[in-house]
2 protein chains.
Amino acid sequence: MAKASSGALSASKVYNNYVSVDCVIFGFDFTRLQVLLVDRVMTDPESGVVRFNDLTLTGNHIYEDEDLDAAAARVLFDLTGLQDIYLEQFRTFGAPHRISKENDRAWLRANGRNPDQRIITVGYYSLLATDNVTLEWKGRNVQWMPVDEVKSLAFDHLEILEEALAALRRKLLHEPIGFALLPEKFTLSQLQRIYEVILGVSLDKRNFRKKIARMKYLVPLDEKQKGVAHKPARLYVFDREQYEANKKDLLDFAI
Amino acid sequence: MAKASSGALSASKVYNNYVSVDCVIFGFDFTRLQVLLVDRVMTDPESGVVRFNDLTLTGNHIYEDEDLDAAAARVLFDLTGLQDIYLEQFRTFGAPHRISKENDRAWLRANGRNPDQRIITVGYYSLLATDNVTLEWKGRNVQWMPVDEVKSLAFDHLEILEEALAALRRKLLHEPIGFALLPEKFTLSQLQRIYEVILGVSLDKRNFRKKIARMKYLVPLDEKQKGVAHKPARLYVFDREQYEANKKDLLDFAI
DNA sequence: TTTTAAAGTGTAAAAAACACACTAAGTAGA
DNA sequence: TCTACTTAGTGTGTTTTTTACACTTTAAAA
């Protein structure tokens with residue numbers, strides 16, 4: 001295996017063969033939490049018969065001169081065409097025999113890779129509004145699937161997805177990441193829906209609003225929704241400056 | 001430090017030159033939170049003059065056939081002689097130019113390594129009682145230092161330490177990891193002290209105990225401390241089974 | 001017997017959580 | 001223009017949790 005390029009190639013174009021990033025791209029549409037998956041079809045090279053057809057997360061090796069966060073952003077961009085998206089590193093997976101299922105090994109062999117070479121992968125998740133994404137980008141066969149309908153994935157991607165989901169939920173409970181899913185001005189019902197859908201719970205509207213009222217960084221505007229076929233909701237903005245100043249260094253423990 | 005060699009050796013003895021683990025070993029002694037640091041001394045090979053003398057965290061490359069968690073446990077064992085210690089992966093560091101300070105580059109060069117080759121390092125922290133550790137293990141010059149007195153470290157280890165500390169505190173607030181620091185039977189004052197020292201706060205004794213009383217998995221025994229020169233405290237045990245059964249899937253958010 | 005050191009305990013007030021049901025405001029379609 | 005439909009918005013009483021706060025008890029050591 002090639003030694004790291006202390007050589008003549010420009011480092012930014014050389015893949016690091018030992019380390020990759022995988023992105024768990026969560027999509028939200030006010031109804032369900034979905035995850036972006038890529039079709040993987042393996043056909044027999046001789047007969048052309050489909051050997052299997054399943055789904056993977058999206059990932060890629062990092063470039064030798066590329067930051068991990070940048071690699072994750074690149075992978076996300078390649079699949080969705082989106083930039084400056086919320087991305088969070090959540091865990092690194094590196095079991096020596098991560099790839100053990102026969103389909104996965106056959107797939108790697110068919111792609112000229114050695115299934116016995118362990119690749120460390122750094123897991124990222126991102127969170128975005130489903131309708132920001134134009135599918136079929138660059139002709140890859142990509143689909144949204146509700147997270148609770150994903151029963152199996154290629155490689156160890158199901159485990160990665162599960163850990164990402166747990167990390168996302170933890171994060172959502174403690175930090176204001178839901179605003180990535182909202183337009184600048186939003187309604188409280190929209191905000192509430194984010195928590196309900198992602199955490200998989202239902203919340204009482206009045207109690208939710210009481211809680212919001214205590215948060216000085218959720219600022220009500222003198223402005224209403226327009227063009228909806230029902231009572232228009234008041235619009236709010238999230239004031240990040242207020243938030244940074246006022247977030248209580250929450251000290252409360254559950255042991 | 002053993003140089004990794006590629007070649008005919010069995011995989012379990014071959015280092016992966018691209019990936020390492022670093023361990024932030026936190027030590028607790030009921031007074032302070034400390035971190036275990038290793039002396040790094042660089043002497044000029046010709047004159048023998050000390051060029052610098054500073055401190056590092058402890059880490060090592062992983063073996064090709066070794067799990068990340070296992071590598072971290074090995075590093076911890078090599079330094080402390082302890083096994084089965086609480087260890088938590090918290091973040092992976094992989095900036096392409098992680099190593100940029102001249103001292104660090106000189107150090108790597110002197111050890112036959114290329115300072116321009118980026119190494120991805122997976123960060124782990126562990127938490128143990130200071131007095132479980134016999135220093136000078138294997139003759140390395142190792143010392144405890146209170147975390148709030150650490151002002152600089154070699155490489156990017158100060159950043160790694162800071163992130164580990166933040167992760168430890170988050171974890172302590174939400175999960176029962178403090179019991180790693182206690183004997184099986186402990187007093188409530190000891191438990192309280194863990195929170196006070198690690199979180200850097202002070203808590204009211206009565207309110208703390210009211211909170212404990214609500215947790216069914218903290219079980220008071222009919223047994224008292226012995227041999228202390230004051231009123232002996234009642235002893236408690238942590239019932240992990242009760243905990244797993246009763247921990248509320250805490251749903252409460254701070255946005 | 002006294003001193004010393006930490007253990008252990010109660011109460012009142014404020015804040016937050018929780019459970020719960022009706023009215024208001026706009027658009028769409030008859 | 002009236003009616004139906006849909007979502008927005010609001011208040012109260014109860015329970016639980018948080019917070020602030022000071023004195024008595026128990027043991028060993030002097």
Side-chain angles (χ1 to χ4, degrees), chain A residues 29-31 172-174 181-183 185-197 199-237 246-255, chain B residues 29-31 173-174 182-183 185-197 199-237 246-255:
Chain A
D29 62 5
F30 291 99
T31 304
L172 183 67
L173 280 171
H174 301 295
L181 302 173
L182 293 173
K185 301 172 182 183
F186 52 85
T187 72
L188 293 190
S189 295
Q190 290 172 326
L191 184 61
Q192 181 176 341
R193 203 85 186 103
I194 289 174
Y195 289 90
E196 293 184 324
V197 168
L199 301 176
V201 296
S202 74
L203 301 173
D204 179 83
K205 200 203 297 194
R206 281 174 287 194
N207 295 335
F208 180 82
R209 283 160 187 252
K210 254 176 284 184
K211 191 156 198 154
I212 297 299
R214 265 180 259 132
M215 301 174 179
K216 298 300 164 52
Y217 42 85
L218 280 169
V219 185
L221 302 175
D222 284 328
E223 209 175 324
K224 296 185 171 190
Q225 259 183 327
K226 275 181 195 135
V228 288
H230 53 77
K231 178 171 177 176
R234 169 167 239 170
L235 297 174
Y236 284 70
V237 291
N246 287 34
K247 67 177 169 186
K248 41 188 153 199
D249 302 300
L250 60 122
L251 175 61
D252 191 14
F253 52 90
I255 296 195
Chain B
D29 63 4
F30 291 100
T31 303
L173 280 171
H174 301 295
L182 295 173
K185 301 172 182 181
F186 52 85
T187 73
L188 292 190
S189 295
Q190 290 173 326
L191 184 60
Q192 181 176 339
R193 203 84 187 105
I194 289 174
Y195 288 91
E196 293 184 324
V197 168
L199 301 176
V201 296
S202 75
L203 301 173
D204 178 84
K205 199 204 294 193
R206 281 175 287 195
N207 294 337
F208 180 83
R209 287 152 115 95
K210 253 177 284 181
K211 191 156 199 154
I212 297 300
R214 265 180 257 130
M215 301 173 177
K216 298 301 163 53
Y217 42 85
L218 280 169
V219 186
L221 302 176
D222 284 328
E223 210 175 323
K224 296 186 173 191
Q225 256 183 331
K226 276 181 195 133
V228 289
H230 52 76
K231 178 170 177 178
R234 169 168 239 168
L235 296 174
Y236 285 71
V237 291
N246 286 33
K247 66 177 168 186
K248 42 189 152 194
D249 302 301
L250 61 122
L251 175 60
D252 191 13
F253 52 90
I255 293 194

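Labels below follow one simple rule: chain letters A, B, ... track the order of the sequence lines, proteins then strands, and each chain is numbered from 1. All values derive from a computational prediction rather than experimental measurement.
The CZ atom of B:Arg209 sits 17 Å away from the C1' atom of C:dT11 (whole-angstrom rounding). The distance between atom NE2 of A:His230 and atom P of D:dG9, rounded to the nearest whole Å, is 10 Å. Whole-Å rounding puts the A:Gln192 CD to D:dT7 P distance at 13 Å. The interatomic distance linking B:Leu235 (CG) with D:dA27 (P) rounds to 13 Å, in whole Å. Here C:dC20 presents its C1' atom at 7 Å from CG of A:Asp204, a figure rounded to the nearest Å. Between B:Gln190 atom CD and C:dG8 atom P there is a gap of 11 Å when expressed in whole angstrom units. For the pair B:Gln225 CD and D:dA27 P, the interatomic distance rounds to 12 Å; values are reported in whole Å. At whole-Å resolution of the value, CG in A:Leu191 and P in D:dT7 are 18 Å apart.
Judged by atom type and distance alone, B:Lys210 does not reach the base of C:dT9 through any side-chain donor-acceptor pair under 3.5 Å. Between the side chain of A:Asn207 and the base of C:dA19, a donor-acceptor pair under 3.5 Å is found. Looking at A:Lys205, its side chain comes within 3.5 Å of the base of D:dG9 through a donor and an acceptor atom. With hydrogens and angles ignored, a donor-acceptor pair closer than 3.5 Å exists between the side chain of A:Arg206 and the base of C:dA21.
By the salt bridge (Lys or Arg N to Asp or Glu O under 4.0 Å) test, A:Arg234 is found to be paired with A:Asp222, residues two or more places apart in sequence or in another chain being considered. A search for salt bridge (Lys or Arg N to Asp or Glu O under 4.0 Å) contacts involving B:Lys185 returns B:Glu223, not counting sequence neighbours.
The phosphate of D:dA8 (OP1 or OP2) has a side-chain N or O of A:Ser189 nearer than 4.0 angstrom.
Residues from residues 211-222 of chain A lying near DNA chain C, meaning a heavy-atom separation below 4.0 Å, are A:Lys211, A:Arg214 in numerical order.
Of the candidates C:dA5, C:dA28, C:dG8, C:dA28 carries the atom nearest the A:Ala229 side chain, counting heavy atoms from C-beta on. Distances from the side chain of A:Pro232 to the nucleotides D:dC21, C:dG8, C:dA25 place C:dA25 closest.
Atom-to-atom distance recorded for B:Leu182:CG and B:Arg193:CZ is 13.0 Å, nearest 0.5 angstrom. For the atom pair A:Leu218 CG and A:Leu191 CG, the distance stands at 6.5 Å (nearest 0.5 Å). The distance from atom CD of A:Gln192 to atom CG of A:Leu203, rounded to the nearest 0.5 Å, is 5.5 Å.
Counting non-hydrogen atoms under 4.0 angstrom, A:Arg234 reaches the backbone sugars and phosphates but no base.
A cation-pi contact links A:Lys211 to B:Phe253, judged by a cut-off of 6.0 Å to the six-membered ring centre and 45° from its axis.
Proximity of a side-chain donor or acceptor of A:Gln225 to a complementary backbone N or O of A:Ala233 within less than 3.5 Å is detected.
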